[in-house]
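What follows is a single structure, written as structure tokens, with notes after it.
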Amino acid sequence: MNNTPESGLQEYAGTVTVDNVLDERALELYGEAPRWNDLQRTGKLAERVLKYNWDVTNITGGLIQTQLNETTFKSKYKLRPIPVTWLNTLSNGQELGNNPGWE
């Protein structure tokens, strides 16, 4: 590939960060499941959800203020819940229980 000014492409001379990559993937994967995996894997899930999702801290249009912060968010949403219907199909489903925060 020819990265000359004549080809219309310009070289990127800056530093690429994890946040730059996550921003770009947010544009490409808007509303898709891989987004959650990207944020969880990079440790940015709580930070990004609390920063960019207004209704997480202003439930019902700001009528209910939540106490959700990075610590309380991570304690519940670090792992997704295991569906109860799936746990009920296991012979030891009650013994295994659900992920922390989803009991």
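Computed from a predicted model, the values in this text were never measured in an experiment.
Put simply, the side chain of R25 does not reach to within 4.5 Å of the side chain of N20, judged on heavy atoms.
Ion pairing between a basic and an acidic side chain is recognised when a charged N comes within 4.0 Å of a carboxylate O; K44 and D19 show such pairing.
Scanning all heavy atoms of the two residues, the minimum distance from L79 to W102 falls at O-NE1, 3.0 Å. Residues L29 and P34 come closest through the heavy atom pair CD1-CB, 3.9 Å.
Atom CZ of R41 and atom CG of D38 lie 5.0 Å apart (nearest 0.5 Å). Rounding to the nearest 0.5 Å gives a distance of 4.5 Å between CG of L22 and OG1 of T42. E28 CD to R35 CZ: the interatomic distance, rounded to the nearest 0.5 Å, is 10.5 Å.
Remark: the backbone N or O of P81 is not paired with any side-chain donor or acceptor of N98 at under 3.5 angstrom.
No continuous path of ILVMFWY side-chain contacts below 4.5 Å connects V84 to L90, so the two sit in separate hydrophobic clusters. W36 is connected to V18 through a chain of hydrophobic side-chain contacts under 4.5 Å among Ile, Leu, Val, Met, Phe, Trp and Tyr, so both are in one cluster.
Heavy atoms of other residues, nucleotides or ligands lying less than 6.0 angstrom from CD of Q94 number 12 at most.
Legend: side-chain hydrogen bond (donor to acceptor under 3.5 Å, both in side chains) pairs involving residues 79-91, not counting sequence neighbours: none detected.
In this structure N37 satisfies the side chain to side chain contact (heavy atoms under 4.5 Å, CB included) test with no other residue, sequence neighbours excluded.
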